[in-house]
Each structure stands twice: as structure tokens, then as C-alpha cells.
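These numbers come from a predicted model, not from an experiment.
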Amino acid sequence: MERWRKVRAQALDAPPDDLPVILAAEGSHGPVIHAVSRAAAALGARVGARVVDARAAAPALAVAWSDPAGDAAFLQRLAQWAKRWSPWVAVDGDGLVMDTTGVEHLFGGEAALLRDVEARLAGLGLSAALAVAPTWGAAWALARFGPVRATCTDTAALDPLPVAALRLPGDAALALSRLGLKTVGHLRAVPRPALMRRFARAAPGGNPLVRLDQATGLLPEPLAPVGDPEPLRAVLRLPEPVQDAAPLVPDLARALAARLDRGGQGCRRLVLRVFRTDGEVRGVEAGFARPTRDPAHMARLFEGRLERIDPGFGFDALVLEGLSPERLDAAQPDLAGQVDEREALAHLIDRLSARLGPAAVTRPVLRHSHVPERAEVWAEALRAPETPAAAARAARPPVLLRPPEEVRVLYAVPEGPPVRLEWRRRRLDVVRYAGPERIAPEWWRDRAGTRLRDYFRIEDADGCRYWLFREGVAGDGRGGAPRWFLHGLFP
């Protein structure tokens with residue numbers, strides 16, 4: 001549910017917190033509830049119940065479809081992130097399990113470890129039920145049915161918990177409940193031969209004795225941790241050393257592009273490493289303004305750059321590795337045969353950055369500010385995010401003067417537009433104008449006493465258009481007479 005809310009928030013479509021929301025998934029007899037919000041749980045919605053039954057009992061429930069594949073991928077990424085606490089982390093259904101044997105002291109003990117996990121998850125906007133126990137099964141039970149941040153050293157702490165805490169399916173827990181065995185302590189007190197006959201044909205996951213032995217440590221339950229993601233690289237080993245590695249780069253790029261294509265990914269950085277016969281390793285790095293898996297474009301960025309590497313007695317191995325992978329869906333030209341112009345611009349930025357250096361190629365990046373000189377900054381084109389086309393503002397001139405230049409203005413009325421102005425020893429007569437557009441100071445950033453601005457778009461007798469503003473208004477108590485500044489030029 002929390003991941004769904006974060007996804008909706010990124011799409012600027014997040015529902016209010018007090019709206020009861022349930023996430024539905026397909027079931028054998030129609031949609032069933034996959035997850036519930038706190039407001040929905042307060043209305044009686046429960047995971048596993050049919051959606052139609054929940055809507056009948058609480059018509060105010062809002063229903064959205066769940067994303068099990070997205071949840072599973074998110075848990076896999078979260079498992080990699082959780083390796084900061086233990087190298088042995090695995091996905092366990094809708095949660096994670098970690099083997100923290102021998103690492104608790106690094107965080108000040110088990111209780112301090114749980115607090116650190118909770119705080120870091122809260123920083124990601126996630127809540128968690130946490131527990132530390134001697135076995136996997138005991139930790140699972142305490143996390144879901146025990147107290148907050150439970151820690152125990154003896155599995156006797158499981159006795160007050162319901163039998164569902166043993167990770168039993170619903171039919172097995174119901175059978176035990178009908179036999180009067182409602183808690184783990186009740187189950188532990190029953191002679192085993194009677195239960196063995198009753199559940200002899202049950203699968204290991206549905207056998208309460210197997211689950212009890214796993215939770216108490218009598219049966220081992222090894223942890224299979226998630227593996228590290230396989231690096232995106234292409235390797236070429238040569239039978240004989242070569243002096244020039246440039247002709248081999250296209251083959252490496254095609255091999256790497258094929259791997260990226262199978263995963264539906266593109267990379268933002270490339271590192272080419274060449275291994276000399278004397279053991280020296282040299283590398284060349286290239287970056288991309290947009291994720292790509294175009295092998296021709298990858299190879300082109302290394303043209304003329306490998307000549308700077310001293311080959312020594314030759315190279316016998318090359319490795320091309322793709323870093324910073326991102327999802328990249330397949331694209332095709334439109335009906336007119338045209339490709340996306342942004343792709344061509346990104347390729348140009350990549351080539352210029354490779355030749356001149358990343359710091360030499362910059363692009364404007366919009367910022368959240370209504371003050372014109374703060375609304376955009378210049379950043380390295382390879383690292384700067386793309387500005388959406390919808391963010392372009394036609395009312396703003398493409399050229400801004402930094403800083404704005406003060407001009408002398410003649411106006412008919414103090415609050416009205418200028419009639420004539422002098423700028424750089426030139427007299428400009430205003431024949432048309434538009435405005436004013438008032439921009440107030442940013443009180444959280446500007447000094448006290450900063451004056452507001454009234455912007456005008458004007459055109460002189462020669463057809464030249466300018467953007468100027470009046471700083472302050474008469475009688476605002478923040479200085480003397482208003483001052484005029486020329487801030488931008490229109491084409």
C-alpha cells in the first residue's frame with residue numbers, strides 16, 4: 001500500500017490519507033483484497049476477503065488494482081538495499097528476512113539494530129513490523145503477531161501467539177482451531193503421535209509439527225540470500241596481444257547492447273578497460289545524456305580516445321561495462337519516418353562531452369522559483385535532467401541580461417507602462433506593450449525590504465522587443481522612487 005501511494009504521489013494523483021483504499025487482485029472467485037489502508041482497515045476491510053463483500057459492508061471504499069510484479073521487484077531492490085545490515089538477506093513473501101548472526105554488535109546490539117532499521121525505512125516513507133529471534137520462523141511470527149520491535153532469545157515467547165503465527169495455511173490453522181489448539185503453547189503441549197497421524201499427508205508447509213520444529217530450531221531452515229545483480233559487461237579475450245584496441249570496440253558494444261536489450265535497459269555510463277600483457281589496466285569512461293543501448297553510438301564515443309593509452313607490449317583483454325542502468329523501452333520512428341529530436345540532441349551532447357570534457361558542455365535546468373534569474377541554472381549536460389517541453393514559457397525571453405541593466409524611463413502615470421526609455425545611450429520609443437506581470441519577492445529567501453517587480457513586454461518603433469521591469473511602487477515604504485531595469489531580449 002505504501003509503495004502504491006508513493007507511485008501515485010509521483011504521478012501527482014495520490015489520494016488523501018483519510019480516504020479508505022483497498023488494492024485488489026484477481027482471485028478464483030473474483031477480485032480479492034490484496035492490501036488495505038489504515039482507513040480501510042478501520043472499516044473492516046481485511047486482506048484476502050472478496051472485494052464485493054467489502055464494498056457491500058463499506059460502500060465508501062475506493063478500489064484500485066494492485067501491482068504484484070511491481071511489488072516483487074520492489075522487494076528485490078529493497079533486499080539489495082538491506083545488505084547494509086547483513087550480507088544474508090532474502091525475500092520472504094511480503095517481507096524480508098536477514099541472518100544477523102555476528103553483526104549485532106556492529107550496531108550496538110539487537111535493540112539498537114532494530115531501531116536503526118526502523119529509522120532508515122521511515123526515511124524511505126515505509127513502515128515495518130520488526131523482530132529478532134533465534135530462528136527464521138520465530139522472527140516471522142513475532143514480527144506479525146508479537147509486540148513492536150520484538151526481541152527474544154528463547155522460542156518460549158511464541159507460546160501466547162496464535163497457531164497462524166507458524167506460517168500455516170488457512171485450512172491447517174482452521175483445523176487446529178476446531179481441535180481446540182488456538183495458540184502455539186497449546187500445540188506444543190499436545191502429544192506428537194496424535195498430531196502426526198492427523199497431518200501425516202499434509203505438505204511440509206502445511207504440517208503444524210514441521211512448522212513448529214522450524215520455529216523452535218529443531219529443524220534447520222537455511223537462508224538462501226538474494227544474489228548481487230549480475231554486472232552489465234562484455235568481455236573479449238584475445239589469443240594474441242594487439243597494439244590498437246579501437247577496432248575491437250564495436251564488437252564489445254554490440255555484445256553489451258544485446259545484454260541491455262534482453263533486460264529492457266539502457267545505461268548512462270560506459271567504462272572501457274584494457275588489460276596490458278604486463279598486468280597494467282587502463283580505462284576510458286564515457287557518459288550519456290539519456291540512457292541508451294545503441295551499439296554504434298556507444299562505439300563512436302571512444303573514437304580517438306584510445307590513442308592516448310600507452311599500449312606497452314600490447315593488450316590481451318578488453319572489458320566494456322555499462323553503469324547506471326535504467327529502464328529503456330523500445331521505440332520506433334513515427335508514421336512520417338521521423339525520430340525523436342531529443343534523441344539526436346542527446347547524441348550530440350554525448351559526442352561533445354566525450355571530446356571536450358563533461359564540464360565544457362552545459363544546459364539550462366529549470367528550478368522552482370518565480371524570480372526569473374533563479375528559475376534556471378546551468379549544469380553539466382550529461383548530468384542535468386531534461387526539461388519537459390511543457391515547461392517552456394512563451395512569455396519569457398530566451399535571452400536574459402545578467403545582471404539586469406538599469407534604464408531611464410519616461411512614463412505617463414506612475415503605475416503605468418513606459419512611454420520612452422534610454423538604454424546604452426539609445427532612445428527607444430514604446431509603440432506597443434503588454435503587462436504588467438507582478439512578481440513578489442520570495443520571503444523565505446530574499447532580505448527584508450526587497451521590493452516587488454512589475455514586468456512589461458514592450459516593442460519599439462523598429463520592431464525590437466524587450467522585457468523590462470519596474471522595481472517597487474511609489475509609496476511602498478521600501479525605498480525611494482521606483483527604478484527601471486531591462487532584463488531580457490526577445491528575438
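Residues F315 and F275 form no side-chain contact, since every pair of their non-hydrogen atoms from C-beta on lies 4.5 Å or further apart. Put simply, the side chain of V91 reaches to within 4.5 Å of the side chain of Q76, judged on heavy atoms. With contacts defined as side-chain heavy-atom distances shorter than 4.5 Å, the pair W4/S66 does not qualify. In this structure, R273 and R282 have side chains that are not in contact, with every pair of non-hydrogen atoms separated by 4.5 Å or more. R120 places a side-chain heavy atom less than 4.5 Å from the side chain of D116. Here the side chains of D213 and R192 are in contact, with some heavy-atom distance below 4.5 Å. In this structure, L114 and V132 have side chains that are in contact, with non-hydrogen atoms separated by less than 4.5 Å. Side-chain atoms of T292 and D350, non-hydrogen and from C-beta on, never get closer than 4.5 Å to each other.
No donor-acceptor pair under 3.5 Å is formed between the side chain of R237 and the backbone N or O of D316. Under the 3.5 Å distance criterion, the side-chain polar atoms of R84 are matched with a main-chain donor or acceptor of W81. Put simply, the side chain of T135 never gets that close to the backbone of T216: no donor and acceptor are under 3.5 Å apart. Using a distance-only test at 3.5 Å, with no hydrogens or angles considered, no donor-acceptor pair links the side chain of T450 to the main chain of D446. Between the side chain of R363 and the main chain of E380, no donor-acceptor pair closer than 3.5 Å is present. Looking at D92, its side chain never comes within 3.5 Å of a backbone N or O of G95 through a donor-acceptor pair. No donor-acceptor distance shorter than 3.5 angstrom exists from the side chain of R269 to the backbone of E321, with no hydrogens or angles considered. K182 places no side-chain N or O within 3.5 Å of a backbone atom of L187 that could act as its donor or acceptor partner. Not one N or O on the side chain of R259 forms a donor-acceptor pair closer than 3.5 Å with the backbone of R254. Between the side chain of R46 and the backbone N or O of A41 there is at least one donor-acceptor pair closer than 3.5 Å.
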Open item on the list: As a quick check of understanding, evaluate side-chain contact (heavy atoms from CB on, under 4.5 Å) for H347 and F288, giving each step before the final call.
Closed with: CA-CA 8 Å; H347 286 188; F288 303 101; over 6 Å; no
- [ ] For side-chain contact (heavy atoms from CB on, under 4.5 Å), just list the numbers for C267 and E326, CA-CA rounded to whole Å, side-chain angles, deciding distance to a tenth of an Å, and then say yes or no.
- [x] CA-CA 6 Å; C267 62; E326 297 181 14; over 6 Å; no
- [ ] In sequence, state the C-alpha distance, the side-chain angles, and the governing distance for L252 and L272, and then conclude on side-chain contact (heavy atoms from CB on, under 4.5 Å).
- [x] CA-CA 9 Å; L252 282 172; L272 176 65; 4.0 Å; yes
Open item on the list: Let's go through T183 and V163 carefully: what are the C-alpha distance in whole Å and the side-chain angles of both, what is the deciding distance for side-chain contact (heavy atoms from CB on, under 4.5 Å) to 0.1 Å, and is it a yes or a no?
Closed with: CA-CA 5 Å; T183 66; V163 291; 5.6 Å; no
- [ ] Apply side-chain hydrogen bond (donor to acceptor under 3.5 Å, both in side chains) to the pair T101 and D99, showing each step before the final yes or no.
- [x] CA-CA 6 Å; T101 304; D99 186 354; 2.7 Å; yes
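Sparse packing is recorded around CZ of R447, with 12 or fewer heavy atoms of other residues, nucleotides or ligands lying under 6.0 Å away. In this structure, R445 places its CZ atom where more than 12 heavy-atom neighbours from other residues, nucleotides or ligands lie under 6.0 Å away. A 6.0 Å sphere centred on CH2 of W88 holds no more than 12 heavy atoms belonging to other residues, nucleotides or ligands.
Among all heavy-atom pairs drawn from A131 and A143, the shortest one is CB-N, 3.5 Å. Here the shortest heavy-atom pairing between A54 and L61 reads O-CD1, 3.6 Å. Closest approach of L19 to R5, counting heavy atoms only: O-NH2, 3.8 Å. Of all heavy-atom pairs between L256 and G322, the closest is CD2-N, 3.9 Å. Residues V235 and R233 approach most closely at CG2-CD, 4.1 Å, considering heavy atoms. Annotation for A286 and R305: closest pair CB-NH1, 3.8 Å, computed over non-hydrogen atoms.
Taking the six-membered ring where tryptophan is involved, the planes of W444 and H370 are perpendicular, since the angle between them exceeds 60° and thus also 30°.
Taken from CD in E118 to CG in L126, the straight-line distance is 12.0 Å, to the nearest 0.5 Å.
Using a 4.0 Å cut-off between a side-chain N of Lys or Arg and a carboxylate O of Asp or Glu, E221 and R167 qualify as a salt bridge.
Among E373, E437, E442, the single residue meeting the salt bridge (charged side-chain N to carboxylate O under 4.0 Å, His left out) criterion with R453 is E373.
The closest side-chain donor-acceptor pair between S127 and E2 falls under 3.5 angstrom. Judged purely by distance below 3.5 Å, without hydrogens or angles, the side chains of Q80 and R77 never pair a donor atom with an acceptor atom.
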